[in-house]
Number of protein chains: 2
Amino acid sequence: MTKADALPLSSPLRTRLRALAPLSGAEMQALAAAERDQRRWPARREMIAEGAPITQARAIVSGWACRQRILPDGRRQILDFLLPGDLIGVSPLSNPLAPATILAVTEVVTCALPAAAAGMPGLSHAYTVSAALTELYTLAQVTRLGRLSAQERLADWLLETRDRLALAGQTVGDNLPVPLTQELLADALGLTSVHVNRTLQSMRRDGLLAGRSGMFLLADRQRLEILAGYRSARVTADTEP
Amino acid sequence: MTKADALPLSSPLRTRLRALAPLSGAEMQALAAAERDQRRWPARREMIAEGAPITQARAIVSGWACRQRILPDGRRQILDFLLPGDLIGVSPLSNPLAPATILAVTEVVTCALPAAAAGMPGLSHAYTVSAALTELYTLAQVTRLGRLSAQERLADWLLETRDRLALAGQTVGDNLPVPLTQELLADALGLTSVHVNRTLQSMRRDGLLAGRSGMFLLADRQRLEILAGYRSARVTADTEP
DNA sequence: CGTTCCTTTGAACATAGTCAATAAACGTGG
DNA sequence: CCACGTTTATTGACTATGTTCAAAGGAACG
């Protein structure tokens, strides 16, 4: 054990940003320092309201959140999930408004994000790559909802989520922690919770996956990839993902 | 009539960008000059391939294009349409890759886009606002596909498209030019062309809209807005849209 | 332990898809 | 301007995927 208040040597945020762009020692230091400025959100708490001004850029240290929209009659669409290491509220606009509500799914800890200052080109690049990845994931979500069957949606989402968790060092092999209820999964995939339940069962029967909400195991990743037509995200022609 | 090669006093591109951010005379001049650098694409021509490097930023002068993804088995999802005045290939990344194929729907004319240089803060701001709007439209597309019925999807899409066309001065009242086949509409809305056909018919019967592909008339915009739960996009807390 | 939330199951139903055929519109060359 | 070929729109009958409603088990938690 090191000192009581020492930061761990790595964190999802630093692991992820280092995977998106090469970071200098000073940049890693700045991140580690910013991570000390934490804020806790209980599960189910609204972190940002749709349409509200975005005041500061932060990152997820631990826990899952989601971006969602509620229709006038109460239907909900979850746009995407925010995982450890993901960024929140990074915008090039001067007075940006939140395009969607952000809701803590589990207990969430966020931290401050160092400003992409002049001396830190790596950080700035990492933020840009992160935003571009988010856009890719959103486009994948459009395709998922528009053209995939329930089984394909689940396969595709699990594969994408595995990749995203892996970027932040949150996976062990093909095991992924997924702290979601079937209802949350349903609202993200444009289905009902009843149908998610039945679809998961049939996928387990088919040997495609094992485990349940909480912790999934992609038992046959290759078959899942073929089923969903999955390809992992690539944002730039540089060497990084 | 003015000189044969004189540019028209306004254009969809300049109308739209001026609506997104205040532009100086010099900026309007730069736009008008760039618009002379045109390129024509016949209908159905692939303008950019998914995954290909993006080489230059351009804008749509006239015609409609779409961004689409094709699944391994041939299914297609249209992510969004690119309308006159929309920007293409604007990215903060150094070596960006196209996240989707861009296909000319009708004959399309594009033009060069002035670099957002130091002396042109308005242009740079307009590009940023444009990108933020695109993100909003993509999130709206997710909600549309995930949680709306066929009729709601059509209503919502028509209202959004009306707003977008109006930004570029392409509407006359609630009439909007829509040069799409029902199959294209279906691939954008996650439906089949047969179902789009039947849904349009029922909406005409209900007095919600009139006209057909080519030119639609939103006969009862208020009822359409209630039906779809529609709200127009707002990106910043500043006065602009 | 009791309450609450979550998962699971069944039966009936609805929305949208599939397949196939016809009609209408459009573009082209003569 | 008209005939022809092609694309697009329309229609019908049937099917399938996913939804709704309701209820019963389980698991988690104070």
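Below, read A as the first sequence line, B as the second, and so on, with proteins coming before strands; counting in each chain starts at 1.
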Base, sugar-phosphate, or nothing: which does A:S213 touch, judged by heavy atoms less than 4.0 Å apart? sugar-phosphate
Taken to the nearest whole Å, CG/B:L185 to P/D:dT10 is 12 Å
Check the pair A:E50, A:I70 against side-chain contact (heavy atoms from CB on, under 4.5 Å), reporting the backbone distance first and the verdict last. CA-CA 10 Å; A:E50 178 177 349; A:I70 304 286; over 6 Å; no
Distance, rounded to the nearest Å, where A:H195 contributes NE2 and C:dT9 contributes P: 15 Å
Check: B:R221 main-chain N/O paired with B:R162 side-chain donor or acceptor under 3.5 Å: no
Roughly, in whole Å, what's the span from CZ in A:R153 to P in D:dT17? 13 Å
Between A:N197 and C:dT7, is there a side-chain N or O to OP1/OP2 distance below 4.0 Å? no
Report the nucleotide, chosen from C:dT7, C:dA16, C:dT18, that has the shortest atom-to-atom distance to any side-chain atom of A:R212. C:dT7
To the nearest angstrom, the CG-P distance between B:D73 and C:dG17 comes to 15 Å
Atom pair distance, as rounded to whole Å: CG in A:L180 and C1' in C:dC5: 15 Å
Could you tell me whether A:T199 contacts a base, only the sugar-phosphate backbone, or nothing, with contacts defined as non-hydrogen atoms closer than 4.0 Å? nothing
Between C:dG17, D:dG18, D:dT11, which one does the side chain of A:A150 approach most closely? D:dG18
Between B:W64 and B:F81, what is the ring plane arrangement, given parallel below 30°, perpendicular above 60°, and tilted in between? tilted
Taking A:L184's backbone N and O only, do any of them form a donor-acceptor pair with A:T181's side chain (distance below 3.5 Å, no angle check)? yes
Might you work through the side-chain contact (heavy atoms from CB on, under 4.5 Å) test for B:C66 and B:L103, ending with a clear yes or no? CA-CA 5 Å; B:C66 69; B:L103 194 72; 4.0 Å; yes
Establish, with yes or no, whether the OP1 or OP2 oxygen of C:dT15 is under 4.0 angstrom from a side-chain nitrogen or oxygen of B:R198. no
For C:dT9, take OP1 and OP2 only and decide whether either is under 4.0 Å from a side-chain N or O of A:Q201. yes
Assess whether side-chain contact (heavy atoms from CB on, under 4.5 Å) is satisfied between A:R69 and A:L71, documenting all intermediate values. CA-CA 7 Å; A:R69 288 189 167 181; A:L71 300 185; 5.7 Å; no
B:R75 side-chain N/O to A:R147 backbone N/O, donor-acceptor pair under 3.5 Å: yes
Using rotation axes that map the C1' atoms of four end pairs onto the next four (five pairs an end), what angle separates the end axes of the helix from C:dC1-D:dG30 to C:dG30-D:dC1, to 10°? 50°
Can you tell me which nucleotide in D:dA22, D:dT8, C:dC19 comes closest to the side chain of B:R44? D:dT8
Whole-Å distance, B:L145 CG to C:dA16 P, equals 12 Å
Applying side chain to side chain donor-acceptor pair (under 3.5 Å), name anything that partners B:Q201, two or more places apart in sequence or on another chain. B:N197
Spacing between B:E107 atom CD and C:dG27 atom C1', to the nearest angstrom: 15 Å
Base, sugar-phosphate, or nothing for B:G190, non-hydrogen atoms under 4.0 angstrom? sugar-phosphate
Between CD of B:E183 and C1' of D:dA9 the distance, given in whole Å, is 11 Å
Please state whether the phosphate of D:dT7, meaning OP1 or OP2, lies under 4.0 angstrom from any side-chain nitrogen or oxygen of B:T181. no
Nearest heavy atom decides the nucleotide; on that basis, is A:Q182 or A:R147 closer to the 5' end of DNA chain C? A:Q182
